[in-house]
Visitor: 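Pasting a structure here, questions to come.
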Amino acid sequence: MSKNLSVQKLEVINRLENGKGFFWAARTRILLWYVVIISFIFAASIPAFRQALYARVNVRVHEDLEEKIAIFKELISEQSTATNNDIISEEIKEAAQLLRESDQRLAKFPSYKTELKEFFDAYLGNQLPQDDTFLIVLTDGKFYKSSPRARPAILDRDSRIIRRWALLTQPQRGEIQTEYSDVGDIIYSAKPVKINGIIMGVFVVAHTTAGERAEVLEAVSVVITVSSFTLFVALVLAWFASGKILAPLRALSKTARKIGESDLNQRIAVKGEGELAELATTFNEMMDRLQAAFISQRNFINDAGHELRTPITIISGHLELMDNDNPEEIEETLVIVMDELDRMSRFVNDLVLLAKAERPDFLQLETVCVQTLTEGLFIKAKALAERNWLLESVCSCRIVADRQRLTQAIMNLAQNATQHTKNTDTIAIGSAISKGEIKFWVRDSGEGISLSDQQRIFERFARAANSRRRSEGAGLGLSIVQAIAEAHGGKIILESQLGTGATFTIVLPLKAPLNRTN
């Protein structure tokens, strides 16, 4: 029973983790942000769209009302009224003329109340108002007639609005807000009619906005429906598009999971251009560097183990075979053991030195007189072995460098030269300035180095394959020299041919290396 409960718990945890992984995936988060942004845009744009439609409807209604009032003015006036827009004025005159021709009662200006009522009857009889538009005539301070006859209750003959319009003495236009949803607001324009200076009636053109606003809301609902469907389709397309765009990231994650200490050959296929392609290229370059570093480290450990195994084997073998009752054998064994321990100590010190070469405090910079340094190096080198020593050239300038590290590097070159030369060979030391650089060299007339070995000998634990003499070191001397030169911002150059000797030149910039601190 408890086992089944544990299995069920694990299944629930797995489902929760999978759900969390889905909802927190970059692809899902991008789409969620996309939905939030688009929803915000819709939430802000739909009301704005509705208000814009309302505004356009109001403008159109006002224009229609003003046009009807202008035509009425043209009919009721004894002289034509001109407007600022000649085109509209001509249209109004033409419309008024057509009405006069259709009914003779509109052809003359009314001169008394009876003619005015006949004029109103003729005008309303020749009008066909648009939906929600009402032409209302008021005479003697009360309702007289309207077109169409059916009107909303708020415009009933005894309503407050009708009574207010009946009392107008000046032209008026405006908008009345109501509480009736089937009416909406009332946009109106009123024109009092005077005969012989006395107001005989009022002509009102009114329009209720409920119909137009219902049409606006219907249009908005259509826009919302279409936009929602479009958003859904866009989200589906964006889901697949984001998957296509984020494919390199998934490949990066998949490749990273496959990488282990025993398999550093995994790479991402770079397709196209852009940031993701650049990311894939950068990842591949990083893996190249890591693979090279791991290979170098593996080789270094293997070589170091090999170098340490020999003295350990020698020490162990002699100690096991040593006769504890023979003082002479004990003394000989101790000499061998101490010699091997000294060699191991030098090897470990060399490894520590190479490790320090990567640290910023590897160099202790100071102002160095090149002439004094070169002459001191020559004197020290002469004590290394019996050779034909030659001080070839001395530079009298000053540089900023680490005196002890430079001494160590050049003495390593001199020591290396003594191991590959005979007593009759020449070893020359010198320094000079050339093209803004300072050069220190050690030249010998020994056995030389083949072209196949000239690059390899700077690697750790490497030795020349054709060397007639074997160095007592572990093959780290030239690696140390190269590390010191590069720490100063310089390099080491080798020129050699078999049978003609070799020249090792350390080339340094005259300025101090900026990446090292005291």
Side-chain angles (χ1 to χ4, degrees), residues 7-61 175 177-185 187 209-259 266-287 290:
V7 172
Q8 292 176 358
K9 288 181 180 179
L10 287 175
E11 291 178 353
V12 172
I13 292 172
N14 289 332
R15 285 197 296 268
L16 290 175
E17 290 180 348
N18 292 334
K20 183 178 180 181
F22 171 78
F23 286 110
W24 287 99
R27 188 178 182 184
T28 307
R29 293 169 68 185
I30 290 173
L31 287 183
L32 288 177
W33 275 109
Y34 181 74
V35 170
V36 170
I37 293 173
I38 296 300
S39 301
F40 174 77
I41 292 174
F42 278 169
S45 62
I46 294 300
F49 176 69
R50 183 186 62 187
Q51 290 302 121
L53 288 180
Y54 280 166
R56 289 196 175 190
V57 168
N58 286 343
V59 169
R60 179 179 60 79
V61 170
E175 184 171 347
Q177 295 181 351
T178 71
E179 299 178 353
Y180 301 96
S181 59
D182 59 339
V183 175
D185 297 338
I187 301 174
T209 61
E212 274 84 1
R213 294 193 174 181
E215 293 176 359
V216 168
L217 293 177
E218 183 178 358
V220 171
S221 66
V222 171
V223 170
I224 293 175
T225 303
V226 174
S227 300
S228 300
F229 177 76
T230 304
L231 176 60
F232 175 76
V233 175
L235 287 176
V236 173
L237 296 177
W239 174 262
F240 290 103
S242 61
K244 188 72 174 177
I245 294 173
L246 296 176
L249 292 181
R250 292 197 299 272
L252 175 63
S253 178
K254 183 178 179 181
T255 303
R257 285 194 295 267
K258 289 182 178 179
I259 293 172
Q266 298 292 330
R267 298 293 185 272
I268 299 176
V270 180
K271 297 179 181 179
E273 298 179 354
E275 290 83 358
L276 293 178
E278 184 178 354
L279 175 62
T281 302
T282 304
F283 178 83
N284 290 340
E285 292 174 352
M286 179 192 70
M287 288 307 304
L290 284 177

Visitor: Roughly how far, to the nearest 0.5 Å, is the OG1 atom of Thr230 from the CG atom of Leu235?
Guide: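 Answer for the CG-OG1 pair, Leu235 versus Thr230, is 11.0 Å.
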Visitor: Might you confirm whether atom CZ of Arg56 has over 12 heavy atoms from other residues, nucleotides or ligands at distances under 6.0 Å?
Guide: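 Atom CZ in Arg56 is not crowded, with 12 or fewer foreign heavy atoms closer than 6.0 Å.
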Visitor: Side chain to side chain contact (heavy atoms under 4.5 Å, CB included), that's the test. Do Leu53 and Glu215 meet it? Break it down for me.
Guide: CA-CA 10 Å; Leu53 288 180; Glu215 293 176 359; over 6 Å; no
Visitor: Identify the heavy atoms of Gln177 and Asp185 that sit nearest to each other, and give their distance.
Guide: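 Minimum heavy-atom separation between Gln177 and Asp185: CA-OD1, 3.3 Å.
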Visitor: Would a 4.5 Å heavy-atom cut-off, applied to side chains only, mark Phe232 and Val236 as touching?
Guide: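 Yes, their side chains come closer than 4.5 Å.
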Visitor: Just wondering, do Thr209 and Val61 contact through their side chains at under 4.5 Å, heavy atoms?
Guide: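 No, side chains not in contact.
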Visitor: For the atom pair CD1 (Ile46) and OG (Ser221), what is the distance rounded to the nearest 0.5 Å?
Guide: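 Separation between the atoms: 10.0 Å.
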Visitor: Minimum heavy-atom separation for Arg50 and Leu217, please, with both atom names.
Guide: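 That closest heavy-atom pairing would be CD-CD2, 3.8 Å.
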Visitor: Locate the shortest heavy-atom distance separating Ser227 from Phe42; write the atom from each residue and the value.
Guide: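 In terms of heavy atoms, the two residues are closest at CB-CZ, 3.5 Å.
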Visitor: Shortest non-hydrogen contact from Ala210 to Gly184?
Guide: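 For Ala210 versus Gly184, the nearest heavy atoms are CB-N, 3.7 Å.
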